[in-house]
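Whatever order the structure lists them in is the order used to number ligands and atoms, beginning at 1. In this text the structure is predicted, and so the values were computed from the model without any measurement.
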Amino acid sequence: MTADSASGAAGARRAEDAAAAPGAPPRPHPTPHSTSAPNSPRPSAYGHWVAGAWRAPARGHYPVVNPATEEVVGEAPEADGAEVAEAVAAARAAFETWSRTAPRERAAVLDRVADLLTERGERLVPLLQAETGATLRVASTMQVPTAADRFRRYARGALEPDTIPLAPQPVKASPLAPGGLIGAAAVRRPVGVVACITSYNFPIVNLAGKVAPALAMGNTVVAKPAPQDPLGCLELGPILQEAGLPDGVFNVVTGSGAAAGETLVADPGVDMISFTGSTAVGKRIATSAGERMARTLMELGGKGAAIVLGDADERAVKSAISAVGSTWSFHSGQICTAPTRILVHRSLYEKVVAGLQHYASALTVGDPVDNSTIVGPLISAAQRDRVEAYIAGAREQGARIVVGGERPDHPKTGFYVAPTLIADATPDMTVAREELFGPVVVALPFDDEDEAVDIANGTPYGLYDYVFSADAGRAWALAARLRSGNVGINTAQRHPETAFGGFKESGVGRDGGSFGLHAYSELQSVVWPS
Ligand code: NAD
């Protein structure tokens, strides 16, 4: 492993030590520059980040592929069981000290991480863009800045009160203890070692959403990013170290398949698994974690419904089209919260379908590094094939493909699916029930609110729904009937302090804002005689 992805003198020194260790693979690119130089060459092969140093993988590397060019971006380490166990042991060893640091020290480290991410943005964005296929607009505005915001937010979070005082209660004497006025408090304590296992799409943002609140509360972390885009997450190792995080508090292991995550979940040294990914994998993890009562936070799949009520005026219809259009224009629909179904009152149905058709037809599909591109590729050939199979299934089941449905002619390389609008689907069609994770919107008409609610609630998911109406009070009342963790009224905009999570098979638990601090802590009740 080369040292040039380590930032700062301490990181560089440790990284070189690790690379010189017996059994380490030869370094592909010697480092001619200072590692802190913003434009120093990027390594082609990474190690795991364990105990504050690069750990050479015994089983070698696997290639990380640029979804737009199909070229190799870099080589990620292929973990074996011993390397995962080492990372957990490092996090365990660091827990006692880190969990007892003063909150202001943790806040200072997290603040510094946010500064460093901002400083290094120019260097990180091309890497993140290459491994995720995100467009320039998305990669530059919503990858590094959002991750930095999350570290900044939980720097403040580390200083939030962790003690809830309870009013003293007069308690009668009993065989247990003498009576008296008994005082008590509920105190938030860190859970311990947290395994953060994440999905592809927004690699460092997803990870920052877990790591920042976990560290703020005094936990230590082993991260296992998605196989498709792990390199930016590996880059976080030296950045957190340079920010002053003690070695072992944050570790990263990677692997090309399920094995690294499975081993991590089964490790008895892991106290909590914070998972973002598909519902199918979430169920497997919950089953394994349940065997030893490991804590879990599950952020899973979605099949969001945008409901356009019959009273929707021009403004509400326009908002609905723009919100649903984000399924095409925002990271090619690889978004768990995307409104991938639009349920429209029959009186407005053809008008809304025509508006969506117009919107989708105007989108430029192309190379994500081109400034004019709105729709980039999907993450992999496998994901493109999966989405295409769903579209073919919808066609066979009799739905109408209004726009798209075919592989675009250009670009010639890359894993592209054209923005696709499927109308006249019925709620029981596979394409209307299952999560595709691609640029595909399904439109369904309804006749009354009861029917809209039945369709919206009629999938196993319940992550994010939307209501569009001229009457916000009516939309508010409808929200109460939606079995969904989040409801947007006349907007797809987010509020950064809300609790985020899903009903039903979209997940268990909540993070976001101060709720994120609760997710990464256990309540301890402390009782005393006053
Ligand atoms: P995935 O479930 O295939 O993989 C997610 C992670 O789990 C990866 O790191 C993967 O390597 C790991 N993994 C796979 N099998 C495992 C096992 N048996 N044990 C432990 N770890 C295992 O998901 P994906 O394809 O990377 O991402 C797409 C999914 O993520 C979609 O369903 C999407 O809705 C969901 N997602 C949800 C949110 C949310 O906040 N709710 C956010 C983003 C993505």
**Q** Using a plain distance cutoff, I'd like to know if Y200 has any nitrogen or oxygen under 3.5 Å from a nitrogen or oxygen of ligand 1.
**A** yes
**Q** Taking non-hydrogen atoms only, is N201 closer than 4.0 angstrom to ligand 1 via side chain, backbone, both or neither?
**A** side chain
**Q** Looking at E434 and K303, is there a salt bridge between them, counting it only when a charged N and a carboxylate O are closer than 4.0 Å?
**A** no
**Q** What protein heavy atom sits nearest atom 22 (C) of ligand 1, and how far away is it?
**A** V281 CG1, 3.6 Å
**Q** Please work out which of G507, A223, G277 has its closest non-hydrogen atom nearest to atom 30 (O) of ligand 1.
**A** G277
**Q** Using a 4.0 Å heavy-atom threshold (strictly under), name the region of I335 that reaches ligand 1: side chain, backbone, both or neither.
**A** neither
**Q** Looking at D271 and R92, does any basic side-chain N land under 4.0 Å from a carboxylate oxygen?
**A** yes
**Q** Under a 4.0 Å N-O cut-off, is there an ion pair linking R106 with E160?
**A** no
**Q** Numbering the atoms of ligand 1 from 1, which are under 4.0 Å from a heavy atom of L463?
**A** 41 (N)
**Q** Just going by heavy-atom distances, which of G302, G502, A382, S199 is nearest to atom 43 (C) of ligand 1?
**A** S199
**Q** Out of all atoms in ligand 1, which are within 4.0 Å of some heavy atom of I285? Include the element for each.
**A** 19 (N), 20 (C), 21 (N)
**Q** Are V417 and R407 close enough that some pair of their side-chain heavy atoms sits under 4.5 Å apart?
**A** no
**Q** Could you tell me whether some N/O pair between E262 and ligand 1 is separated by less than 3.5 angstrom?
**A** yes
**Q** For atom 38 (C) of ligand 1, what is the closest protein heavy atom, and at what distance to 0.1 Å?
**A** C336 SG, 3.1 Å
**Q** Please determine which of T198, T146, N201 meets the side chain to side chain donor-acceptor pair (under 3.5 Å) test together with N206.
**A** N201
**Q** Taking the six-membered ring for Trp, are the ring centroids of H331 and F202 within less than 6.0 Å of each other?
**A** yes
**Q** Below 4.5 Å, heavy atoms only, C-beta onward: do D80 and P57 meet side chain to side chain?
**A** no
**Q** Considering the heavy atoms of G261, write down every atom of ligand 1 situated less than 4.0 Å from one of them.
**A** 19 (N), 20 (C), 21 (N)
**Q** Regarding ligand 1, does S278 bring an N or O atom to under 3.5 Å of one of the ligand's N or O atoms?
**A** yes
**Q** Looking at I197, which atoms of ligand 1 are within less than 4.0 Å of one of its heavy atoms?
**A** 6 (C), 7 (O), 9 (O), 12 (C), 21 (N)
**Q** With the threshold set at 4.0 Å, does a side-chain nitrogen-carboxylate oxygen contact exist between E522 and R188?
**A** no
**Q** The test is side-chain contact (heavy atoms from CB on, under 4.5 Å); show your working for I307 and F468 and say whether it passes.
**A** CA-CA 6 Å; I307 301 173; F468 296 89; over 6 Å; no
**Q** Salt-bridged, E235 to R120, with N to O below 4.0 Å?
**A** no
**Q** So, are E406 and R395 salt-bridged, with charged N and O less than 4.0 Å apart?
**A** yes
**Q** For atom 28 (C) of ligand 1, grab the closest protein heavy atom and report residue, atom and distance to one decimal in Å.
**A** F437 CE2, 3.6 Å
**Q** Just to confirm my output: which protein heavy-atom neighbour is closest to atom 41 (N) of ligand 1, and how far is it?
**A** L300 O, 2.7 Å
**Q** For atom 32 (O) of ligand 1, what's the nearest protein heavy atom and its distance?
**A** E435 OE1, 2.5 Å
**Q** Once you restrict to heavy atoms under 4.0 Å, what part of F202 touches ligand 1? Side chain, backbone, both or neither.
**A** neither
**Q** Determine, using heavy atoms of A226 and all atoms of ligand 1, whether some pair is separated by less than 4.0 Å.
**A** yes
**Q** Under 4.0 Å from any heavy atom of R284, which atoms of ligand 1 are there?
**A** 18 (N)
**Q** Could you tell me whether Y390 and F437 have their ring centroids closer than 6.0 angstrom?
**A** no
**Q** Return yes if a side-chain donor-acceptor contact under 3.5 Å exists between S288 and E262, otherwise no.
**A** no
**Q** Show the atoms of ligand 1 that are less than 4.0 angstrom away from any heavy atom in K224.
**A** 8 (C), 9 (O), 10 (C), 11 (O)
**Q** I'd like to check which ligand 1 atoms, numbered from 1 as shown, lie under 4.0 Å from a non-hydrogen atom of F275.
**A** 2 (O), 5 (C), 6 (C), 7 (O)
**Q** Using the side-chain contact (heavy atoms from CB on, under 4.5 Å) rule, take E299 and D511 through it: C-alpha gap first, then chi angles, then the decisive distance, then the call.
**A** CA-CA 9 Å; E299 301 286 4; D511 60 14; 3.1 Å; yes
**Q** Check if P225 has a non-hydrogen atom at a distance under 4.0 Å from any atom of ligand 1.
**A** yes
**Q** Could you list the atoms of ligand 1 found under 4.0 angstrom from a heavy atom of T198?
**A** 5 (C), 6 (C), 8 (C), 9 (O)
**Q** When you measure from atom 13 (N) of ligand 1 to the protein, is at least one non-hydrogen atom found at a distance under 4.0 Å?
**A** yes
